[in-house]
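As the structure lists them, so they are numbered: ligands from 1, and atoms in each ligand from 1.
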Amino acid sequence: MAGNFKVWVTRQIPQQGIDMLREVADVEVWEDELPPPRDLILDKIGELDGILALLTDKMDAEVMDRGKKLKVIANYAVGFDNVDVAAATERGILVTNTPGVLTETTADLAFTLLMATARNIVVADKFTRDGKWKTWGPTLLLGQDIHHAKLGLIGLGRIGREMAKRARGFDMDVTYYDVVRNEQAERELGLKYADIDTILKESDFVSLHTPLTPQTRHLIGARELSLMKPTAILINTSRGPVVDQKALYEALRDKVIYAAGLDVFDVEPISKDDPLLTLDNVTVVPHIASASFATRTRMATMAAENLIAGLKGTTPTAPVNPEVLNSPQRRK
Ligand code: DGY
């Protein structure tokens, strides 16, 4: 135990982050594989000065109202749709996230999903293992070309830009949409700018890189899917609810689009009985885009640094609500 601060880490994260926190606070770690139950969060929050939370922990006004001493919520993720940031700001509670450290690892996975889906890798692996491979065949497991194909990026933040860089290595023709046009990135990465409908109509691959906000919830629904080419592939490594999952299931089932590669789902974990999982033209992984040893360690140390700054009243590397920093309401 060090200092008078009390901190809760809501899951086992790489030890480096915990060790940093132990230098300044009394730290408790929730060791279970599953997230702490809501009731436990509500019971415990009153004794905490800081919480290192995961995207599976809902940090809303009810939690904050019980957290009378709570100074900081350090989210172990770049996305922070699990946190009611406006409620935190109102109460002078600092919220932080982990941008930057996971950008390339996430883009690597998005591109992996793109390639695996285009070339039927998961289906082909199973086919081979199941002893179904009889001979080399001219029409065996045909997929879509990646090189020289048209990639449409919806969202050109850090991860979207890294995706564009990877696409250049495959001579892809990249178009993007973002609420903010980035002419420098257009010049540097040879990108074109277009509206979402144009991207959907013209792309061979559409990859989503937006945060989840009220504006992006169900950004891709039945209408948008119907605009896509029947040979097109949708990749989602952003947040599940950006896509209307029922509409996606129907579009994949009815071959409105060719395939999808998904790291994220409407409800996580997706039920093993979800109809989406009966389809061969969907490649699924369990929200692992940032899951490399090095990146998860960097996320742990960054979240710990942020949390320590929140406890000490200094400026963290990645505040989500910087207006709290100099506000007289900031909790000390
Ligand atoms: C994030 O950081 O938002 C990812 O979804 C998990 O790394």
Side-chain angles (χ1 to χ4, degrees), residues 9-18 30 33-36 51-60 72-85 88 94-114 153-163 166 178 207-217 219-220 234-243 245 260-270 283-307 316-321:
V9 180
T10 64
R11 214 84 62 79
Q12 184 65 58
I13 60 167
Q15 193 57 37
Q16 286 92 326
I18 312 263
W30 177 254
E33 189 190 357
L34 296 179
I51 185 164
L52 195 150
L54 273 60
L55 52 86
T56 41
D57 306 314
K58 195 163 194 272
M59 296 285 121
D60 57 13
V72 51
I73 299 170
N75 218 35
Y76 183 75
V78 65
F80 47 82
D81 45 281
N82 58 309
V83 183
D84 184 339
V85 178
L94 187 66
V95 179
T96 65
N97 66 340
T98 61
V101 293
L102 49 77
T103 304
E104 288 161 281
T105 304
T106 302
D108 285 351
L109 192 280
F111 213 82
T112 303
L113 265 182
L114 182 156
L153 300 172
I154 300 187
L156 194 77
R158 295 180 197 83
I159 299 168
R161 289 198 297 277
E162 282 300 321
M163 193 65 177
R166 280 149 186 74
D178 195 290
S207 188
L208 306 177
H209 300 283
T210 63
L212 176 63
T213 64
Q215 292 72 37
T216 63
R217 184 172 290 274
L219 184 70
I220 305 297
L234 180 73
I235 303 298
N236 191 10
T237 53
S238 62
R239 284 291 184 265
V242 173
V243 177
Q245 197 166 293
L262 307 173
D263 178 46
V264 288
F265 302 87
D266 210 359
V267 174
E268 295 181 2
I270 186 171
T283 309
V284 290
V285 292
H287 203 152
I288 55 166
S290 65
S292 74
F293 292 107
T295 289
R296 287 288 164 85
T297 299
R298 282 194 293 264
M299 287 167 68
T301 55
M302 185 172 192
E305 268 167 32
N306 282 331
L307 196 142
T317 314
V320 167
N321 52 354

Task: Nearest atoms (heavy-atom pairs only) where P319 meets T96 - done: CA-CG2, 4.2 Å
Open item on the list: I need the contact type for N97 against ligand 1. Using non-hydrogen atoms and a strict under-4.0 Å cut-off, is it side chain, backbone, both or neither?
Closed with: neither
- [ ] Would you mind telling me which of I159, V78, T106 makes a side chain to side chain contact (heavy atoms under 4.5 Å, CB included) with S290?
- [x] T106
- [ ] For a side-chain hydrogen bond (donor to acceptor under 3.5 Å, both in side chains) with N75, tell me which candidate from N82, N97, T98 qualifies.
- [x] N82
TODO: Mind checking the CG-CG spacing from L109 to L114? Nearest 0.5 Å is all I need.
DONE: 11.5 Å
TODO: Say whether R296, considering both its backbone and side-chain N or O atoms, lies within less than 3.5 Å of an N or O atom on ligand 1.
DONE: no
Open item on the list: Can you report which non-hydrogen protein atom sits closest to atom 2 (O) of ligand 1, along with the distance?
Closed with: V78 N, 2.7 Å
Open item on the list: Below 3.5 Å, N or O to N or O, backbone or side chain included: is there any such pair between S290 and ligand 1?
Closed with: yes
Under 3.5 Å, side-chain donor or acceptor atoms of residues 52-60 against the rest of the protein: list the pairs with distances, not counting sequence neighbours.
from	atom 1	to	atom 2	distance (Å)
T56	OG1	R11	NH2	2.6
D57	OD2	T10	OG1	2.5
D57	OD2	L54	N	2.8
D60	OD1	R38	NH1	3.4
D60	OD1	R38	NH2	3.0
D60	OD1	E62	N	3.4
D60	OD1	V63	N	3.2
D60	OD2	R38	NH1	3.4
D60	OD2	R38	NH2	2.9

Open item on the list: Need the ligand 1 atom indices (1-based, order shown) with element for anything under 4.0 Å from a heavy-atom of M299.
Closed with: 7 (O)
- [ ] Output the list of atoms in ligand 1 that are nearer than 4.0 Å to some heavy atom of L55, sorted by atom number.
- [x] 5 (O), 6 (C)
TODO: Check each of R239, H287, E268 against atom 3 (O) of ligand 1 and report the one with the nearest heavy atom.
DONE: R239
Task: Which of the ligand 1 atoms, numbered from 1, are nearer than 4.0 Å to a heavy atom of G79 - done: 1 (C), 2 (O), 3 (O)
Open item on the list: Testing T237, L153, D108, L156 one by one against M163 for a side chain to side chain contact (heavy atoms under 4.5 Å, CB included), which residue passes?
Closed with: L153
Open item on the list: For ligand 1 and L102, I'd like to know whether there is a polar contact (N/O to N/O, distance under 3.5 Å).
Closed with: no
TODO: Would you kindly specify which portion of A77 sits under 4.0 Å from ligand 1, judged on non-hydrogen atoms: side chain, backbone, both or neither?
DONE: both
Open item on the list: Quick check for you: to the nearest 0.5 Å, what is the distance between Q16 atom CD and M302 atom CE?
Closed with: 16.0 Å
